[in-house]
Every structure is written in C-alpha cells, then in structure tokens.
Amino acid sequence: MPELAQVVVDVPTMQTNQPYTYQIPPKLEKQIQVGVRVIVPFGKGKRTVQGFVVAFDKASQYEGELKPIQAVMDLQPVINSELMNLSKWLADTTYSFWISCLYTMLPNLLKAKTTRIIRIVDEVDEHIAFDIFHGRDELEMAEVQDKPAILSELFKLQKEGKITIEYQVEDRAKAKTVTGIRALLNFEQLEDERASLHANAHAQNRLLSYLQSIGSQVVKQKDAEHKTGLKAATFNQGQQKGWLEKTPVEVYRQPLAMQGPPDDAHLAAPLQLNADQQNAVNQINQAIDNHDPKVFLLQGVTGSGKTEVYLQSIANALHQGKTALMLVPEISLTPQIVNRVRRRFGSKVAVLHSSLSNGERYDEWRRIERGEAQVVVGARSAIFAPLTNLGLIILDEEHESSYKQDESPRYQAREVAKWRGKYNQAPVVLGSATPSLESRARAVKNVYHLLRLPHRVNKQELPPIEVVDMRDEIKKYGESNFSQKLLTELNDRLQKNEQSILMLNRRGFSSFMMCRDCGNVLKCPNCDISLTLHMDTRTMKCHYCGHEEPIPRECPNCHSHQIRYYGTGTEKVEQELHQLLPQARIIRMDVDTTRRKGMHAKLLRQFGQHQADILLGTQMIAKGLDFPNVTLVGVLNADTGLGLPDFRASERTFDLLSQVSGRAGRANKQGKVIIQTYNPDHYAIQDAKTHDYEKFFDQEMMLRRQASYPPYYYTVRLMASHPEEAKAARAMADIYGRLKQGLLSSTVILGPTPRAIARMKRRYYYQIVIKYKKDPYLHQLLFDILQDTQSRGFKDVQVSIDPDPQYFM
DNA sequence: AGCACGCCGACT
DNA sequence: GTCGGCGTGCTC
C-alpha cells in the first residue's frame with residue numbers, strides 16, 4: 001500500500017518544476033489515485049495550491065517533514081495513464097512546465113482558480129471596517145490588489161493578528177443541472193395518501209399516479225410536467241406534503257454546432273469510393289486491424305474525396321471496437337465537415353470547438369472521458385481528448401500552421417498525434433492537398449507512407465487560374481484594389497446570378513494612418529507597430545496588445561489636418577466594391593464581423609442560401625468551404641505574404657492560393673480563379689497557377705537545402721525580453737556565448753537580433769534562431785539556460801524557447 | 001507565484 | 001538605534 005504521493009503543484013516556475021512528496025491521510029487513501037487533482041499545502045503560511053498526483057512512493061529522500069494532502073478534487077483521475085506519460089514527454093520536448101502541460105490537456109473548467117480572502121478576526125477600527133471592508137467581515141484580495149495604500153494598512157493589521165489571509169482554491173467544474181424529482185414514498189404509501197385526498201383534487205390525484213409509475217427513478221421536472229400536463233405548483237404541493245423531493249439532475253449542454261439532437265435512426269450511408277480512395281481506405285484499415293502505428297500522408301487535390309476516406313476509416317476503427325480522433329484546423333471555420341461526421345456517426349461524435357463555452361467544452365470532454373463518445377472531432381487541443389483504445393488519428397490539412405500552439409506549451413499537434421499513435425499502436429493519417437514540405441519529404445524517404453488521390457471525385461478539371469499583373473493595371477487605370485479583368489468577371493457572375501468569393505490576404509495589412517505633411521505614422525505606445533483603423537468601433541487598435549484610442553482629427557506630431565489612411569483592409573475594400581458594383585450584395589467576413597459567437601456559421605449559411613452575391617473575407621474563407629453556386633474566386637493581393645522575412649513565405653502563399661482556388665466550381669458548373677499580384681513571375685504563384693505541387697515542392701526543397709532550412713535542418717527559436725532594451729540585448733549576448741561554446745560547430749546560430757516587432761507590451765524582444773541536424777548537447781543546454789535565466793543576474797528577463805517555430809518574426 | 005530571510009540606506 | 005527597500009532562495 002502506497003503511503004506517499006508525488007504531486008506536481010500549480011506553481012509554474014522552473015524551480016518548482018518537479019514532483020513534491022506528500023503524505024496520504026488514511027481517510028483519503030481510497031480516493032487518491034494517480035491522475036487526480038489534489039489540494040496541498042505549499043510553502044510557508046496557510047498557502048494551498050492545486051496539484052496533480054503523478055505517482056505513488058513508499059519512501060522519500062526528502063530531509064524535512066512531509067506535509068499531508070489536504071483534499072482530493074476528483075473521484076476519478078482526470079489524467080489517465082496515457083496522458084500522464086504524454087504530459088512528461090510534452091514538457092520535455094517543448095521546454096515547458098509539467099504543470100502547464102497537464103492543464104493544457106484538460107478543459108478550462110478544471111483549471112484551478114485560487115482566491116485570497118482577507119477575513120477580520122478581531123476588533124478593527126471603524127475606518128477599516130467601513131472604508132475597506134464595507135461593513136462585511138471578509139474581502140477578496142483581488143479587490144484591493146492594486147491599491148498600495150490599503151495593502152500596507154492591511155499588512156499592518158495582519159501583523160497585529162486582527163485579520164487573516166486565507167487561500168481558497170475553488171473548483172470551477174460545475175456540471176449543468178436542472179431540477180429533477182423523485183418519489184419519497186413507495187407505491188402503497190402513495191396509495192394511502194390518495195385515500196386522504198378531497199374527491200375534487202384531480203391534479204394531486206394525477207400526480208400520485210405519476211409518482212407511482214416512476215418508482216424510484218429521478219425524472220426531470222420539466223419532463224414530468226410535460227408528461228402529466230400538471231403545473232409546477234402541483235409538484236410544489238407534492239413536495240410540501242412529503243410525497244416527493246427535488247434533486248438536481250446533470251444534463252449536458254447542447255453546443256451551438258449540434259443544435260437538434262443527433263438522429264441516430266437516419267445516419268448517412270457511406271459513399272461509393274473510386275479506386276484511389278478504396279486503395280487508401282484499404283491500406284489504412286489494414287494498419288488499424290494490425291495495430292500498426294504507421295503514419296500515412298494522404299495527398300489529394302481539392303475535391304478528391306479525402307473526407308470520405310477519413311469517414312470510412314473511422315467506421316472501420318469503430319467496427320473494431322476502437323475509437324477515433326480527427327483534427328481539423330480551427331473547427332468553427334468548417335461546420336460543413338463537422339456536420340458530415342455527425343451525420344455519419346450520430347451521437348457517437350463529440351465535437352471540441354474552440355468557440356464552445358467553458359461549460360459546453362467540459363460537457364463534451366466528460367462524454368469522451370466516460371466513453372459515451374467514440375469519435376472526436378476538434379481543433380488543435382482536441383489531440384488531448386481522453387479517448388481510450390484509440391484506433392485511428394486523422395489530421396486534416398496537416399500543413400496548417402494552426403496545429404502549432406504559439407504559446408507555452410508550444411506543441412505541434414502533428415507530433416503529439418504521432419506520439420499517441422505509437423502509444424496506442426494506431427495509425428496516423430495526415431491529409432492535405434498541399435502537404436507541408438516536412439511531411440512530404442518524409443514520405444519521399446519512406447518514413448511516412450504516401451497515399452495519393454490525384455483525381456477529383458466529380459472528374460471535373462481544376463478551375464483555370466488567371467494571374468493579373470497589378471503593376472500594369474496601376475499604370476493604365478490608376479490605383480485600385482480591383483483589376484479590370486476581375487471587375488468584368490464579377491459583373492458577369494452578377495448577370496448570371498452566380499456567386500463569387502473574394503479573398504484579401506492578411507488582416508495585418510489593413511489601414512494605418514499617416515500624416516501627409518510630416519510623415520508621422522500613428523503607433524502603439526506599448527508596441528513597436530502602427531495602429532490599425534477599425535471603422536466599426538471608430539478607433540485605432542493595436543493588433544498585438546489590444547491598445548485602443550480614438551481616431552485623431554489632426555496629426556499628433558505636427559497638428560496638420562492632412563492625415564489619410566493607407567493600406568487595404570476588408571472594410572475599405574468593401575466600400576470600394578460597393579461603389580464599383582452598387583447592385584452586388586456583399587457579405588464581409590473577417591475577425592471583426594465574426595467575433596461574436598455563432599456569427600461565422602451564420603454568415604456562411606446566409607451566403608450558402610444565396611442571400612449575397614459576393615463573400616469578401618480574409619484567409620478564413622480559404623478553407624473547407626463548399627458552395628456549389630460559386631463560380632468565381634478572386635485573390636486581391638496574392639503576394640502580401642511573399643515579402644515577409646520568413647523562409648516559409650513561399651510555401652504559405654502557394655498553399656493559400658491552391659486552397660482558395662479549390663473553392664471555385666465544386667459542383668457541376670465550371671469555375672474560374674483570378675489572382676492579382678505584383679509578382680506574377682514568382683514560382684509560388686506560377687506553380688499555383690498550374691496546380692503543380694510537384695514542381696513547387698522540387699523548387700522549394702532546393703532553396704531550403706541551399707539555405708539550410710527545414711526539412712534539411714531542424715530549427716529552434718530562443719527569445720528573451722526585458723522592459724529595457726539594453727538589458728534584453730545583454731541577456732541575449734550572454735545566452736549566445738553559452739550556445740556558441742556548448743554546441744557543435746556544425747550547428748548554426750543566427751542572431752541575436754531584435755525581433756521584427758522589437759517592442760511588444762512594453763518589453764523589448766531579441767531572438768536567436770538555431771539550425772541543427774543533430775546536436776547531442778542542444779536539448780540539455782537549452783534547459784540549463786532556462787534554469788539559469790530564472791535566477792542570478794537575469795532579473796526581469798523572460799526567456800522562452802520555441803522548438804520548430806512556425807513563424808520567424 | 002508567494003513568502004521569509006537578510007543585508008544596506010534613511011528616518012521616527 | 002529601527003523601518004523598510006528588494007536581491008536571494010525555498011517551497012515536499
């Protein structure tokens with residue numbers, strides 16, 4: 001019998017990034033298991049924190065006295081043994097805290113929230129009682145946190161012993177409940193009650209019969225009212241007379257995307273597969289059946305029926321009594337895919353939306369954990385879904401950079417998928433029309449198994465793409481976001497009552513403000529970037545820190561009134577389009593119009609029902625949409641991404657153009673794509689034009705090899721920041737010295753350089769990028785650097801490490 | 001993170 | 001002489 005528990009506490013620092021040993025009090029012995037959350041005393045005073053039991057122990061080599069665990073939060077482990085193992089691996093490979101990894105795997109609701117409560121325990125004078133405590137005897141620390149004068153008074157009182165500060169860990173996991181009823185009397189007793197009723201008490205009589213019919217079951221009161229036709233008042237009478245009691249019943253919240261309960265009686269049948277699809281399904285199924293943790297790269301052009309391959313493989317996994325996990329990028333963006341999975345597998349499906357409320361997310365998570373759902377569809381973090389007996393993992397659009405989390409723990413869902421595949425002896429399917437260079441290169445080396453779907457299911461040709469040189473356009477017709485060619489085509493679609501999609505590449509390039517007289521650009525006071533104009537709120541906003549200020553009437557620098565907007569935002573394009581095509585109905589989709597929950601789906605539904613002729617949006621419209629009436633796709637500025645100082649710029653541009661091209665002419669109508677660009681000869685644009693992934697791959701691989709970038713080299717990015725620029729620079733120079741000394745000479749160290757946005761949130765950032773093929777010293781050295789920069793000589797310096805970064809700016 | 005300990009400067 | 005600044009180190 002274990003007497004001691006190893007607990008990882010919720011104190012995310014490098015120094016506490018280890019299990020601590022605690023005693024298990026006899027009365028908690030039965031409840032404590034590996035993977036449950038516990039409350040433990042930690043440090044001096046009455047401080048308690050939440051933690052996870054990660055192991056049991058018989059003895060401890062710790063010299064001091066061991067403290068006992070104070071409370072257990074869960075009846076069942078919230079982290080199963082697979083996820084426990086995974087969390088360790090994750091912390092190690094992403095250079096992050098174990099505790100952060102554990103929390104990352106759980107729905108938000110299970111995260112600890114500690115509040116500090118100040119309580120009066122002795123007489124205090126009136127000023128304190130009324131001005132600070134408002135006549136109550138307790139106060140939340142958060143209320144006075146930023147008031148130093150009050151704080152110092154409080155500390156004095158604490159020393160005098162007149163107030164205490166208590167720590168409270170509150171559990172936010174609250175199952176949603178509705179009122180239920182249960183009979184308190186048995187059949188005979190209820191019959192006796194009936195005898196004493198007035199002859200005309202029909203309602204009560206009916207209630208008694210109903211209670212007799214339900215036996216000892218708990219029934220939702222709403223259902224009971226519905227069934228009996230009785231009013232709530234009658235149930236209250238029954239409660240008063242001691243016939244029944246009210247008790248909460250747990251219900252699952254109905255997430256927005258699943259409105260209407262799934263109809264298991266009318267599930268959609270599998271579609272007929274073509275030869276390529278069948279071959280892919282066969283190979284995947286064979287791996288499922290043989291418990292072969294192979295990685296497949298399913299490369300299929302848009303419209304080639306990848307989804308059907310996923311669905312039939314999932315069906316096979318279920319048939320084998322296993323579960324399946326399917327990731328899609330930013331799920332809220334593709335309700336069409338989610339619905340398709342739900343129509344096929346009904347109530348077996350759990351959906352982990354990024355836009356679910358915490359409560360909804362928790363409910364879905366519970367359904368998975370309890371084994372009530374066997375198929376999970378979700379965005380990045382769904383890779384941690386607590387499915388047991390996994391038989392198949394699918395990543396759709398595997399090249400998407402959103403599979404990498406850009407805050408700690410900086411994990412790549414693709415890598416986590418491979419880890420879980422191996423652990424469960426289950427295959428992983430990476431699907432894409434334009435695989436990442438890394439994945440495709442692995443397929444070339446037979447590390448991954450390549451499956452191809454070269455033909456579109458409807459046998460239709462990919463739409464022709466026309467590239468318009470905007471340099472010529474501007475010379476001939478002056479500055480505009482719309483070429484003559486594109487306008488002609490848009491007009492043509494309006495005439496034919498067909499729809500168009502217009503994509504503007506990147507929100508970041510929307511309007512900034514510049515003074516024509518002095519050239520002053522309005523910048524964020526916290527960050528080193530220009531503010532962006534937002535017409536909806538009539539403010540200037542910073543996209544990095546959220547700073548917001550009113551639109552200036554005059555230049556803050558020279559007080560000139562000659563200020564104007566530059567650049568192109570979706571709003572501005574929408575205005576221009578209204579002028580050029582007054583009769584067109586336009587739906588604009590960007591971060592601003594879709595911020596509200598459910599707006600995204602709503603706008604798409606409107607467009608699908610042809611309530612608009614043109615869908616104008618940012619990248620978010622490039623993915624997964626399938627509207628049969630869309631016959632024209634226009635990309636307004638194809639090359640905004642190309643100029644970025646990032647080795648993946650070409651790859652992203654190629655992916656984006658290929659993807660948005662696939663939106664045109666998906667049904668029986670011929671589609672057309674127009675790409676406007678200032679770099680018509682760039683290979684990324686030329687290869688997208690000819691739908692030639694292979695050519696692009698070869699060209700890009702050559703460049704990557706020449707410049708020693710992935711997939712030929714691995715990369716790690718190291719960032720350091722400080723409120724003072726010189727200190728950030730000095731810390732980075734220090735780190736550089738250690739790297740230079742500790743790493744192999746074949747390892748390339750780039751930098752340190754100020755980051756492209758050198759100042760963010762009032763801190764200065766510097767970065768180093770390390771390129772390596774194999775360096776046995778790197779991993780440990782990076783951990784040492786993290787450790788050391790936590791303490792001596794690096795005051796206020798924040799260091800973070802980003803393995804395999806997606807962006808370099 | 002939060003807290004105590006401890007070592008320096010500036011005040012009742 | 002003491003109060004309080006924050007640099008340093010520890011939390012089972």
Side-chain angles (χ1 to χ4, degrees), chain A residues 2-25 28-29 32 34 36-73 91 96-104 111-119 139-146 148-161 163-170 407-409 722-724 727 730-731 784 786-800:
Chain A
E3 292 138 40
L4 303 175
Q6 300 278 5
V7 175
V8 171
V9 294
D10 185 8
V11 184
T13 65
M14 217 50 206
Q15 293 122 69
T16 52
N17 190 28
Q18 48 160 14
Y20 287 87
T21 314
Y22 284 87
Q23 291 176 43
I24 303 174
L28 296 181
E29 226 167 64
I32 292 193
V34 170
V36 294
R37 294 171 304 151
V38 290
I39 305 297
V40 292
F42 192 67
K44 308 278 161 83
K46 289 184 186 170
R47 187 180 179 209
T48 56
V49 295
Q50 183 163 273
F52 290 81
V53 175
V54 297
F56 287 126
D57 223 339
K58 286 233 158 38
S60 154
Q61 56 271 46
Y62 181 63
E63 311 270 296
E65 200 184 332
L66 299 179
K67 294 179 179 176
I69 290 175
Q70 206 172 75
V72 184
M73 303 289 283
S96 47
F97 308 121
W98 194 351
I99 187 71
S100 315
C101 294
L102 288 164
Y103 277 131
T104 298
K111 284 175 196 166
K113 190 190 168 216
T114 40
T115 45
R116 281 181 294 172
I117 307 275
I118 309 164
R119 180 160 293 150
L139 181 73
E140 271 196 30
M141 187 64 123
E143 296 175 48
V144 292
Q145 195 83 68
D146 48 356
I150 297 182
L151 276 181
S152 66
E153 257 184 292
L154 289 174
F155 284 132
K156 210 168 276 172
L157 287 167
Q158 192 192 6
K159 278 194 177 153
E160 295 166 18
I163 60 169
T164 60
I165 297 178
E166 292 167 17
Y167 294 88
Q168 256 179 350
V169 183
E170 56 179 87
E407 59 191 52
S408 176
H722 193 280
E724 291 169 54
K727 292 202 173 150
R730 174 125 35 88
D784 291 348
L786 268 188
Q787 185 82 253
D788 296 347
T789 51
Q790 294 283 310
S791 50
R792 50 183 130 111
F794 285 89
K795 196 172 140 29
D796 294 335
V797 177
Q798 281 174 10
V799 176
S800 62

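Every chain is numbered from 1 and lettered A, B, ... according to where its sequence line falls, protein lines coming before strand lines. The model shown is predicted, which means the values in this text are computed figures rather than measured ones.
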Visitor: Report the distance from atom NZ of A:Lys58 to atom P of C:dC12, rounded to the nearest whole Å.
Guide: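 These atoms are roughly 23 Å apart.
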Visitor: How many Å lie between CZ on A:Phe97 and P on B:dA1, as a whole number?
Guide: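 So the two atoms are 8 Å apart, to the nearest Å.
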Visitor: Find the distance A:Asp788:CG to C:dT8:P and express it as a whole number of Å.
Guide: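 The distance from CG of A:Asp788 to P of C:dT8 comes to 14 Å, rounded to the nearest Å.
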Visitor: Does the side chain of A:Ile39 reach to within under 4.5 Å of the side chain of A:Gln50, using non-hydrogen atoms?
Guide: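 They are in side-chain contact.
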Visitor: Tell me whether the ring of A:Phe42 lies stacked over the C:dT11 base, given a 5.5 Å limit on centroids and a 30° limit on the plane angle.
Guide: yes
Visitor: Taking the side chain of A:Lys67 as its heavy atoms from C-beta onward, which of B:dA1, C:dG7, C:dT11 lies nearest to it?
Guide: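 The listed nucleotide nearest to A:Lys67's side chain is C:dT11.
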Visitor: Please report the distance, rounded to the nearest Å, between CD1 in A:Ile69 and P in C:dC12.
Guide: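 That distance rounds to 13 Å.
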Visitor: Side-chain N or O of A:Lys44 versus OP1/OP2 of C:dT11: is the shortest distance under 4.0 Å?
Guide: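 No.
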Visitor: In whole angstrom, give the distance that lies between atom CG of A:Asp796 and atom P of C:dT8.
Guide: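 Going from A:Asp796 (CG) to C:dT8 (P), I get 12 Å.
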Visitor: Write down the distance between CD (A:Glu65) and P (C:dT11), rounded to a whole number of angstrom.
Guide: 14 Å
Visitor: Rounded to the nearest angstrom, tell me the gap between atom CH2 in A:Trp98 and atom P in B:dA1.
Guide: 21 Å
Visitor: Hey, does A:Pro41 reach any base, or is it just sugar-phosphate, or nothing, if we go heavy atoms under 4.0 Å?
Guide: sugar-phosphate
Visitor: A:Tyr22: which residues meet the ring pair (Phe, Tyr, Trp, His ring centres under 6.0 Å) condition with it, sequence neighbours left out?
Guide: none
Visitor: With a 4.5 Å cut-off on side-chain heavy atoms, are A:Phe56 and A:Ile24 touching?
Guide: yes
Visitor: Run the ring pair (Phe, Tyr, Trp, His ring centres under 6.0 Å) test against A:Tyr20 and tell me which residues pass, sequence neighbours left out.
Guide: A:Phe42
Visitor: Expressed as a whole number of angstroms, how long is the span from A:Phe56:CZ to C:dC12:C1'?
Guide: 16 Å
Visitor: If we require ring centres under 5.5 Å and near-parallel planes under 30°, does A:Tyr20 stack on C:dC12?
Guide: no
